[in-house]
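Following: one structure in structure tokens, then a few remarks.
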Amino acid sequence: MKPADAIRAELGRIALELGAPEGTDVVLERPREAAHGDWASNVALILARPLKQKPRDIAEKIRAQFRAEEAGVATVEVAGPGFLNFRLRPAVIASVAGEIVAAGESYGRSDVGRGAAVNVEFVSANPTGPLHVGHGRQAALGDAIATLLEHTGWDVSREYYYNDAGAQIDNLAASVRARLLEARGESAEIPEGGYHGEYIREIAASFQGDADDLAAVRAHAVRALRLEQDLDLAAFGVTFDMYFLESSLYEEGLVEKTVAALTRAGKTYEHEGALWLRTTEFGDDKDRVMRKGDGTYTYFVPDVAYHVTKWERGFKRAIDVQGADHHSTVTRVRAGLQALGIGIPEGYPEYVLHQLVTVTRGGQEVKISKRAGSYVTVRDLIDEVGRDAVRYFFIMRKGDSPLIFDVDLARSQSEENPVYYIQMAHARMCGIFRVGAEQGIATAAAVDADLSLLTEAEEQQLIKALEDYPAELAGSAAALEPQRIASYLLETARLAHLWYHKHHVLGQEEALMRARLVLARAAQIVLANGLSALGITAPERM
RNA sequence: GCGCGCGUAGCUCAGUUGGAUAGAGCGUCUGCCUCCGGAGCAGAAGGUCGUGGGUUCGAGUCCCGCCGCGCGCACCA
């Protein structure tokens with residue numbers, strides 16, 4: 001049993017004895033001030049109201065009844081308005097290092113998801129050009145969220161939705177055709193809203209067939225760009241379980257079927273030649289057109305049909321990672337799903353929206369890529385700074401905030417670069433074992449070492465951080481916020497560097513060295529597990 | 001104008017879902033150090049958490065108003 005669990009159990013027992021209501025949540029947290037101990041609890045403050053007593057009086061009673069010895073606690077203090085501060089025996093803290101080494105790769109994982117199926121949809125770019133940095137942010141966020149969910153017991157399916165049926169695909173086809181005609185010596189204009197990038201010329205050049213056969217041009221262009229995007233994703237190391245084509249919704253009649261179901265449910269009406277959905281019944285500020293006067297559907301209708309398939313495919317949760325410029329779809333898609341009245345939960349799907357990405361080099365904003373013309377591509381970034389740095393930078397800020405991608409910092413091999421700093425901490429831990437082996441020292445991180453020797457302040461601090469990893473992972477996954485793990489890793493790396501610089505492992509007296517080897521291994525494991533949850537490699541040397 | 005998001009140290013940002021005296025890195029200042037791996041360590045200065053109210057034992061965190069910035073407001077996607 002972990003130290004915190006022992007305290008929690010003891011607090012729970014006493015709370016019940018004092019007459020606390022059933023289900024009182026005993027919360028333990030890390031005090032901000034080190035002077036306040038290793039763990040603190042606010043139970044006494046929580047119980048003040050139901051017990052109709054002063055918080056400090058309750059705290060005193062709890063302190064009096066607390067069996068410190070059994071819980072591994074050295075001191076219990078009542079502080080401030082009624083907090084209980086606990087200080088653990090150093091040996092109890094140190095013992096955690098052994099548990100981490102014993103758990104290894106599985107350390108930090110949990111089973112809160114109980115194997116339930118979750119669909120995580122991300123990137124979902126239109127096949128009209130190479131992936132841009134916004135897609136990159138989605139790829140990094142989506143993949144990390146998916147992995148975090150896997151590490152907390154969910155059965156995750158990564159999905160990519162190709163909008164291959166809309167007007168923008170017509171623009172793509174027309175753009176390529178314009179280049180084809182141009183090559184044939186005819187004057188041709190890229191249409192309004194068309195695509196001007198260099199890649200359009202490349203696609204035109206690789207087209208073999210009749211330039212007047214627009215359907216063939218279109219099919220060729222979509223195929224070429226899907227391939228292109230696959231290469232972008234491969235370079236990023238992201239793989240999907242499912243690629244879903246918007247066009248298949250039409251081919252299989254699912255759009256029609258959804259419209260019919262909505263009509264049958266009585267949630268639609270005809271007005272001025274169009275078919276409307278009563279989205280105002282579900283929180284929208286005005287009703288929305290589903291079928292336009294020309295008989296075609298507005299974009300959110302296939303989106304609703306698509307999400308119905310997610311539900312019908314058995315996904316208890318669906319998470320969509322999108323740019324914040326799409327936030328207007330949230331209400332509409334959810335409204336459509338609710339209007340169907342088929343038991344889909346209200347918050348389905350969940351959305352993770354992110355703000356814009358700005359790329360800077362030398363302090364100046366970079367806007368242009370050679371091939372894409374008007375925007376920086378994911379591939380440009382990966383080629384320049386590497387996959388790991390791109391991933392870390394894209395998730396180190398919460399999605400709600402705009403992201404500035406500093407290329408100079410991302411490629412820098414210095415400790416100012418957070419990715420480098422974290423990976424370096426991992427490599428250093430590995431280095432201890434490598435150098436030890438080279439010197440012929442037995443460096444097995446044996447869990448039977450006497451861990452009570454790990455009493456230095458830096459050691460205790462590092463171990464406490466390592467102990468927090470499972471809770472950080474669970475919190476990060478629950479909130480769908482990978483940046484928490486990014487921050488956590490940075491702080492943990494800092495503590496690992498600090499310890500490494502101050503206290504040597506190799507060359508110490510045997511028993512102490514054996515204990516420190518366990519700590520080095522524990523730190524290595526946590527850093528590696530955390531990096532892997534973010535889709536970043538943990539090099540053994542750099 | 002309406003909707004969503006953001007506003008925390010000179011700069012870049014954390015802030016564990018409402019806890020105690022709001023933190024880190026960079027930069028600045030002072031003093032050490034040259035170690036398994038490229039520098040690091042100790043300390044200092046730096047804040048009205050945009051602003052004004054509210055909720056309560058307690059607010060950076062929740063609610064309302066205002067200011068500023070971003071995004072979206074189509075029978076486009």
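Note that these values count all heavy atoms, side chains included, but never hydrogens, waters or copies made by symmetry. Numbers restart at 1 for each chain; the letters A, B, ... are given by sequence-line order, proteins then strands.
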| note | Side-chain contact check for Tyr500(A): nearest option of A14(B), G37(B), G3(B) is G37(B)

| query | Just wondering, do Val96(A) and Leu466(A) contact through their side chains at under 4.5 Å, heavy atoms? | reply | no

| said: Base, sugar-phosphate or nothing for Thr298(A)? Non-hydrogen atoms, less than 4.0 Å. | reply: sugar-phosphate

| To the side chain of Gln168(A), which of A77(B), U16(B), A39(B) is closest? | A77(B)

| said: Just N and O in the side chain of Arg484(A): are any of them under 4.0 Å from OP1 or OP2 of U17(B)? | reply: no

| task | For U8(B) and G23(B), measure between their C1' atoms and round to the nearest Å. | result | 10 Å

| said: So is the aromatic ring of His504(A) stacked onto the base of C35(B), judging by whether the centres are under 5.5 Å apart and the planes are under 30° apart? | reply: no

| remark: Judged by nearest nucleotide, the residue sitting upstream toward the 5' end of RNA chain B, Cys430(A) or Ala40(A), is Ala40(A)

| field | A20(B): pairing nucleotide in any strand, Watson-Crick or G-U under 3.5 angstrom | value | none

| If you check every side-chain atom of Arg541(A), which of G19(B), G37(B), C13(B) has the closest atom? | G37(B)

| field | Of the listed nucleotides A14(B), A74(B), G19(B), the one nearest the side chain of Pro81(A) | value | G19(B)

| A24(B) phosphate, OP1 or OP2, under 4.0 Å from Arg494(A) side-chain N/O | no

| request: Could you give the distance separating U21(B) and C49(B) at their C1' atoms, to the nearest angstrom? | output: 15 Å

| query | From C4(B), C76(B), G37(B), pick the nucleotide closest to the side chain of Met424(A)? | reply | G37(B)

| query | Think Arg30(A) forms a cation-pi with Trp39(A), using NZ or CZ under 6.0 Å from the six-ring centre and within 45 degrees of its axis? | reply | yes

| Spacing of the P atoms in A39(B) and G27(B) (rounded, Å) | 13 Å

| task | Using the P atoms only, state how far C41(B) lies from C63(B), rounded to an integer number of Å. | result | 40 Å

| task | Just call it for Gly293(A): base, sugar-phosphate, or nothing, with non-hydrogen atoms closer than 4.0 Å on any strand. | result | base

| query | Within the structure, does a side-chain N or O atom of Gln508(A) lie under 4.0 Å from either OP1 or OP2 of C36(B)? | reply | no

| request: Provide, to the nearest angstrom, the distance between the CG atom belonging to Asp170(A) and the P atom belonging to A77(B). | output: 11 Å

| task | Assess the pair Phe244(A) and Tyr160(A): is the distance between their ring centroids shorter than 6.0 Å? | result | no

| task | For C66(B) and G10(B), measure between their C1' atoms and round to the nearest Å. | result | 28 Å

| message | Just confirming the chi classification of U17(B), syn or anti, using 90° around 0 as the syn window. | response | syn

| field | Mate of G7(B) where both pairing distances stay under 3.5 Å, Watson-Crick or G-U | value | C67(B)

| query | So what does Tyr421(A) touch, heavy atoms closer than 4.0 Å: a base, only the sugar-phosphate, or nothing? | reply | nothing

| Reported CZ-to-CG distance for the pair Arg391(A) and Leu531(A), which is rounded to 0.5 angstrom | 11.5 Å

| CG of Leu498(A) versus C1' of G25(B): gap in Å, rounded? | 13 Å

| query | In the strands shown, is A59(B) matched to any nucleotide by a Watson-Crick or G-U wobble pair with both distances under 3.5 Å, and which? | reply | none

| Within the modelled atom types, does a donor on one side and an acceptor on the other bring the side chain of Asn42(A) and the base of G19(B) under 3.5 Å apart? | yes

| task | Record whether the side chain of His326(A) comes under 3.5 Å of the base of G72(B) through a donor-acceptor pair of N or O atoms. | result | no

| query | Taking atom types as modelled and ignoring hydrogens, do the side chains of Thr280(A) and Asp287(A) form a donor-acceptor contact shorter than 3.5 angstrom? | reply | yes

| said: Counting the atoms with a prime plus P, OP1 and OP2 as sugar-phosphate, which does Tyr469(A) contact under 4.0 Å by heavy atoms, base, sugar-phosphate, or nothing? | reply: nothing

| query | Has His36(A) got its ring stacked on A20(B), by the test of a centre gap below 5.5 Å and a plane angle below 30°? | reply | yes

| field | Spacing between Asp284(A) atom CG and G72(B) atom C1', to the nearest angstrom | value | 13 Å

| Reckon Gln413(A) touches a base, only the sugar-phosphate, or nothing at all at heavy-atom distances under 4.0 Å? | nothing

| query | Nearest to the side chain of Glu29(A) - G19(B), A77(B), A42(B)? | reply | G19(B)

| For the rings on Tyr469(A) and Tyr488(A), is their centre-to-centre separation under 6.0 Å? | yes

| task | Under a 3.5 Å limit for both distances, which nucleotide forms a Watson-Crick or G-U wobble pair with G46(B), could you say? | result | none

| query | What interatomic distance, in whole Å, is found between P of G50(B) and the corresponding atom of C29(B)? | reply | 30 Å

| task | Using a heavy-atom cut-off of under 4.0 Å over every strand shown, decide if Ala79(A) touches base, sugar-phosphate, or nothing. | result | base

| request: Taking atom P in both A14(B) and C62(B), compute the distance separating them and give it to the nearest angstrom. | output: 15 Å

| request: Could you tell me whether Gln483(A) contacts a base, only the sugar-phosphate backbone, or nothing, with contacts defined as non-hydrogen atoms closer than 4.0 Å? | output: sugar-phosphate

| message | Students often get this wrong, so: under 4.0 angstrom with heavy atoms, is Arg49(A) touching a base, only sugar-phosphate, or nothing? | response | sugar-phosphate

| request: Could you tell me whether Arg521(A) sits above the aromatic face of Phe433(A), with NZ or CZ closer than 6.0 angstrom to the six-membered ring centre and within 45 degrees of the axis? | output: yes

| note | Ranking A20(B), G37(B), C57(B) by distance to the side chain of Asn85(A), first place goes to A20(B)

| request: Return the nearest nucleotide to the side chain of Ala274(A); candidates are G38(B), C75(B), G70(B). | output: C75(B)

| field | Residue matched to C36(B) through Watson-Crick or wobble contacts both under 3.5 angstrom | value | none

| request: Check whether the side chain of Asp303(A) and the base of A77(B) form a donor-acceptor pair under 3.5 Å. | output: no

| field | Between Phe394(A) and Tyr392(A), ring centroids under 6.0 Å | value | no

| Closest nucleotide among G38(B), A39(B), C57(B) to the Leu45(A) side chain | C57(B)

| request: With P as the reference atom in both, quote the distance from G53(B) to U61(B) in angstrom, rounded to an integer. | output: 14 Å

| Under 5.5 Å between ring centres and under 30° between planes: does that hold for Phe83(A) against the base of G19(B)? | no

| Are His327(A) and Tyr351(A) close enough that their ring centres sit under 6.0 Å apart? | no

| field | Minimum-distance nucleotide to Ser487(A) side chain [options: A14(B), C71(B), C75(B)] | value | A14(B)

| message | Nearest whole Å is fine: how far is A74(B) C1' from Phe300(A) CZ? | response | 13 Å

| task | Scan Ala471(A) against the nucleic acid and name what it touches under 4.0 Å (heavy atoms): base, sugar-phosphate only, or nothing. | result | nothing

